[in-house]
Amino acid sequence: MVRVRFAPSPTGPLHIGGLRTALFNYLFARKNSGKFILRIEDTDQMRYVPGAEEYIVESLKWVGLDYDEGPDIGGPKGPYRQSERVELYRKYAQVLIEKGWAYYAFDTPQELEDMRQRLRQAKSSVQLYNHLTRGEMKNSFTLTQAEVKERIEAGEKYVIRFNMPADKQIIVHDIIRGEVKVNSNTLDDKVLFKSDGFPTYHLANIIDDHLMEISHVIRGEEWLPSLPLHILLYEAFEWEPPKFAHLPLILKPNGKGKLSKRDGDQMGFPVFPLDWTDPKTGEKARGYREWGYLPEAVINILAMLGWNPGTDQEIFTLQELIEQFSLDRVQKSGAKFDPDKARWFNQQHLRKKSTQELAQMFLPVLESQGIETDEQYLFRVIELLKDRVEFIEEFWTKGFYFFEPPRSYDAKGLKKAWKQQTPEIMLELKEKISQIDDFTSENIERELKQWVESKELSFSKVFTPLRLLVQGSTSGPHLFDMLELIGKKEVIRRIETGVSTIKR
RNA sequence: GCCCGGUUCGUCUAGUGGUUAGGACGCCAGGUUUUCAACCUGGAGGUCACGGGUUCAAGUCCCGUACCGGGUGCCA
């Protein structure tokens, strides 16, 4: 039975790297008819951010990654919030101590800092709390059992550290990277249990993965260095470890480091699925949703960062991804995020939508502009604009003139197309237009083209200014379709007001 | 510093010892259009990080170096 989990910590808004980790877990679970579990790793009280968990849940919901077990929906292996499982971790830490795999330590932060400082100055290649240094620190190795007991009973702060064996060759296997060999001398006696009564990630993670019967751990590459420790912990508990797959990181577009919170707004693309306001600083960050990205586009973008199907297909639905996903087509190297291609994905998915669906999505934008319109008209507008839009909002920015007259005229367009004799031509054109009874695109086109030819004018000399008057800019959908839709009366009105305001 | 991972067009990538190194985004040009987009056609862009091996044959296997990234916390 495949069981995988997405285990974020609620220390801020989930970012798209995390969302991709969730996606790959989800795809793997669904592909293998397994379970996908959400577990909240809130063992760091200091970094806990209120609202972050809700944000994670809402983000997953938005992109459609539904989980089978989780903090808000429960499940057979709960609770799914680590802060509610602390007693469990305490118990298992005790087991490790009894087995000799862990020990108590009483060193203060200052003492730890001094130790590292000393090693640095001694130019030691390793500056670790390990078999070489623990004999000089305050812990179960240097204090008698009675002293340790006394200190704990006196309420002194302590941590529980892993007893990292010396000079042990550890070979771990990663599904994506193959064998990774590490010598335990490069590892340290990691803190497993903190003095605040909470476990660290390493302990809680191993215990939960075991208890929740996780079969595959699919997580970010930043965890690869601690995999040997985790393997050792499974060994210490005498538990069967799950299989591991470490995903390549999503990098900044310029290739300098992991994609991070700050990059987004700065570089003109979102880093978070949804809008987020930091409860402490009030700092705001834009999300994909609010930016106008379709959830299916976001999924598609993330899926193609670090994975490919081995075919030329690039546009996928979630369902198609489930069918085709496999961990052995996951890339080893980090992928730079490409904002341009992200937009293209959105456009591709937008184009797959029906006119009705697009209208549904566009309606709130119209409402926010205070526009009311009838459905048939809206549908026709959308059909004209559909192919020239990357985001829903652009139905407004590129098509507002279907709903209200232009308030200004594009300066560049005026400069190019508005000549000395243009006002006169436009007024004559207006007369011609008023004589067209059958105001349909095809007919308008035939009559106007005929008229232009009879006046021995060029199409562009007439039609570019006309477009400018009616919509305020020089580029847009098929001119005659546009005129038909806006309607004869309104077209005439716009020519009149335009000619008189542009007159200067 | 030490440890781990990575390295194919600007970017995402195909490629598992024998191909003119393929596709996509972006870019450029032409076609279509009154215009823009879409669409169609074409183009530029890669000494497969570098240096050594192994082999009849290496982007593909091995070693070294460089560079990039991650880790190195009582963060996750």
Side-chain angles (χ1 to χ4, degrees), chain A residues 7-11 41-44 46-47 105 107-109 112-113 116 119-120 123-128 157-161 172 174 176-177 180-183 185-188 190-196 198-202 204-205 219-228 246 248-249 251 253-258 301 304-315 331-345 347 351 385-390 394 398 413 417 445 448-449 452 458-468 473-480:
Chain A
S9 54
T11 55
E41 308 221 326
D42 54 347
T43 55
D44 186 353
M46 300 302 290
R47 294 206 307 153
D107 315 280
T108 64
L112 291 172
E113 182 46 40
R116 290 185 186 115
L119 291 168
R120 253 196 304 278
K123 295 256 161 44
S124 165
S125 67
V126 284
Q127 299 143 19
L128 303 172
K157 295 269 188 201
Y158 65 91
V159 300
I160 296 172
R161 283 181 181 275
V172 298
D174 180 272
I176 294 166
R177 280 147 226 284
V180 179
K181 301 189 192 86
V182 181
N183 188 289
N185 286 348
T186 67
L187 272 22
D188 66 345
K190 272 272 174 296
V191 171
L192 301 177
F193 215 90
K194 300 180 276 186
S195 61
D196 65 0
F198 280 84
T200 59
Y201 171 86
H202 306 290
N205 192 261
R219 77 230 293 195
E221 191 187 339
E222 69 267 28
W223 292 109
L224 193 53
S226 49
L227 180 55
H246 289 86
L249 266 15
L251 276 14
N254 58 24
K256 291 276 175 214
K258 208 161 51 150
I301 291 164
M304 300 309 282
L305 280 175
W307 176 84
N308 74 81
T311 66
D312 279 351
Q313 185 178 358
E314 287 200 281
I315 302 302
Q331 206 76 10
K332 289 188 182 69
S333 50
K336 296 187 185 83
F337 186 87
D338 183 349
D340 278 333
K341 195 148 187 178
R343 294 156 52 88
W344 177 77
F345 274 116
Q347 185 192 39
R351 295 177 62 176
L385 258 20
K386 200 175 169 177
D387 277 343
R388 53 205 87 214
V389 147
E390 269 174 341
E394 291 174 318
K398 293 186 173 176
E445 177 163 9
L448 291 191
K449 281 189 170 170
V452 169
S458 72
F459 286 163
S460 65
K461 265 210 179 105
V462 177
F463 294 145
T464 307
L466 172 60
R467 182 186 287 282
L468 201 51
S473 58
T474 54
S475 70
H478 187 68
L479 177 65
F480 308 100

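Throughout, protein chains are lettered first and strands after them, A, B, ... in sequence-line order, and every chain is numbered starting at 1.
- On the P atoms, rU8(B) is 15 Å away from rG46(B), given to the nearest whole Å.
- Residue K157(A) is out of contact with every strand shown, counting any heavy-atom pair closer than 4.0 Å.
- Taking 4.0 Å as the cut-off between side-chain N and carboxylate O, R47(A) and D44(A) count as a salt-bridged pair.
- Side chain of E222(A), nearest nucleotide from rU7(B), rA76(B), rU34(B): rA76(B).
- Remark on RNA chain B: of its neighbouring residues E41(A) and F463(A), the 5'-side contact belongs to F463(A), judged by nearest-heavy-atom nucleotide.
- Contact annotation: the side chain of P228(A) never approaches that of K181(A) to less than 4.5 Å [non-hydrogen atoms, C-beta and beyond].
- rC27(B) is paired with rG43(B) under the criterion used here, namely a Watson-Crick or G-U wobble arrangement in which both key atom distances are under 3.5 Å.
- The nucleotide rA66(B) finds its pairing partner in rU7(B), both defining distances of the Watson-Crick or G-U wobble pair being shorter than 3.5 Å.
- Base-pair partner of rU16(B): not found among the strands shown (Watson-Crick or G-U wobble, both distances under 3.5 Å).
- No side-chain heavy atom of V180(A) sits less than 4.5 Å from a side-chain heavy atom of L227(A).
- Figure legend. rA21(B) is base-paired to no nucleotide; pairs are counted as Watson-Crick or G-U wobble with both atom distances under 3.5 Å.
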Distances under 3.5 Å between protein N/O atoms and the N/O atoms of nucleotides 3-5 of chain B, please, pair by pair.
from	atom 1	to	atom 2	distance (Å)
rG5(B)	O2'	R177(A)	NH1	2.6
rG5(B)	O2'	E221(A)	OE2	3.3

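- Heavy atoms of P477(A) sit under 4.0 angstrom from at least one base atom.
- Side-chain N/O atoms of K449(A) include one lying less than 4.0 angstrom from OP1 or OP2 on rU34(B).
- We find that NE2 of H478(A) is positioned 11 Å from P of rU33(B), with the value rounded to whole Å.
- When both pairing distances are held under 3.5 Å, rG1(B) makes a Watson-Crick or G-U pair with rU72(B).
- For the pair S124(A) and G476(A), both in contact range of RNA chain B, the more 5′-proximal nearest nucleotide belongs to S124(A).
- Within the 4.0 Å cut-off from OP1 or OP2 of rG73(B), at least one side-chain nitrogen or oxygen of R116(A) is found.
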Going 5' to 3' through nucleotides 20-31 of chain B and flagging B where a protein heavy-atom sits under 4.0 Å of the base, S where only the sugar-phosphate is that close, and - otherwise, we get ---SBB------
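- Under the 30°/60° scheme for interplanar angles, the aromatic rings of W223(A) and Y201(A) are found to lie parallel.
- At the heavy-atom level, S333(A) lies under 4.0 Å from the strands shown only through sugar-phosphate atoms.
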**Study point:** side-chain contact (heavy atoms from CB on, under 4.5 Å) evaluation trace for N205(A) with R219(A)
**Key:** CA-CA 12 Å; N205(A) 192 261; R219(A) 77 230 293 195; 3.8 Å; yes
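- Across all strands shown, rA38(B) forms no Watson-Crick or G-U wobble pair with both distances under 3.5 Å.
- Two residues are said to be in side-chain contact when any heavy atoms from C-beta on lie closer than 4.5 Å; E314(A) and D312(A) fail this criterion.
- Nucleotides rC9(B) and rC27(B) have their C1' atoms positioned 12 Å apart, rounded to a whole Å.
- Judged purely by atom type and a 3.5 angstrom limit, Q313(A) uses its side chain to pair as donor or acceptor with the backbone of I315(A).
- Rounded to a whole angstrom, the distance from the P atom of rC75(B) to that of rC68(B) is 30 Å.
- Going from atom CH2 of W223(A) over to atom C1' of rG73(B) covers 12 Å, rounded to whole Å.
- For the C1' atom pair drawn from rG64(B) and rG18(B), the interatomic distance equals 27 Å after rounding to whole Å.
- Of all nucleotides present, only rG53(B) satisfies the Watson-Crick or G-U wobble test against rC61(B), with each distance under 3.5 Å.
- Proximity of K194(A) to the phosphate of rC75(B): a side-chain N or O atom is located under 4.0 Å from OP1 or OP2.
- At a threshold of 4.5 Å between non-hydrogen side-chain atoms, the residues R177(A) and L224(A) count as touching.
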Which pairs, protein N/O on one side and nucleotides 40-51 of chain B N/O on the other, fall under 3.5 Å?
none

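- Of all nucleotides listed (rC39(B), rC74(B), rA76(B)), rC39(B) comes nearest to the side chain of R351(A).
- Nucleic acid contact class of T474(A) (heavy atoms, under 4.0 Å, all strands): base.
- Salt bridge annotation for E221(A)-K332(A): absent, with no cationic side-chain nitrogen under 4.0 angstrom from a carboxylate oxygen.
- With a 3.5 Å ceiling on both atom-pair distances, rU33(B) lacks any Watson-Crick or G-U wobble partner.
- Across all strands, G306(A) comes closer than 4.0 Å only to sugar-phosphate atoms, never to a base (heavy-atom distances).
- One P atom belongs to rG23(B), the other to rG45(B), and the distance between them is 15 Å to the nearest Å.
- Closest to the side chain of L479(A), out of rC74(B), rG69(B), rU34(B), is rU34(B).
- Counting non-hydrogen atoms under 4.0 angstrom, R343(A) reaches nothing in the nucleic acid.
- Atom CG of L227(A) and atom P of rG70(B) are 19 Å apart (whole Å).
- Of the candidates rG1(B), rC2(B), rG70(B), rC2(B) carries the atom nearest the V126(A) side chain, counting heavy atoms from C-beta on.
- Taking atom P in both rG73(B) and rC2(B), the straight-line distance is 16 Å, to the nearest Å.
- Comparing rG70(B), rC74(B), rA76(B) against the side chain of S195(A) picks out rC74(B) as the nearest.
- Between D188(A) atom CG and rU72(B) atom C1' there is a gap of 8 Å when expressed in whole angstrom units.
- As judged by a 4.0 angstrom heavy-atom cut-off over every strand, T43(A) is placed among residues touching the sugar-phosphate backbone only.
- At the phosphate of rU13(B), neither OP1 nor OP2 sits under 4.0 Å from any side-chain N or O atom of N308(A).
- Formation of a donor-acceptor pair under 3.5 Å by the K461(A) side chain with backbone atoms of V452(A) is not found in this model.
- When each of rU34(B), rU13(B), rG1(B) is scored by its nearest atom to the side-chain atoms of T464(A), the top-ranked nucleotide is rU34(B).
- The gap from the C1' atom of rU16(B) to that of rG10(B) amounts to 27 Å, rounded to the nearest Å.
- Judged by distance alone, the side chain of K398(A) and the main-chain N or O of R388(A) form a donor-acceptor pair under 3.5 Å.
- Nucleotides rG26(B) and rU41(B) are separated by 16 Å at their P atoms, to the nearest Å.
- Heavy atoms of H246(A) sit nowhere under 4.0 angstrom from any nucleic acid atom.
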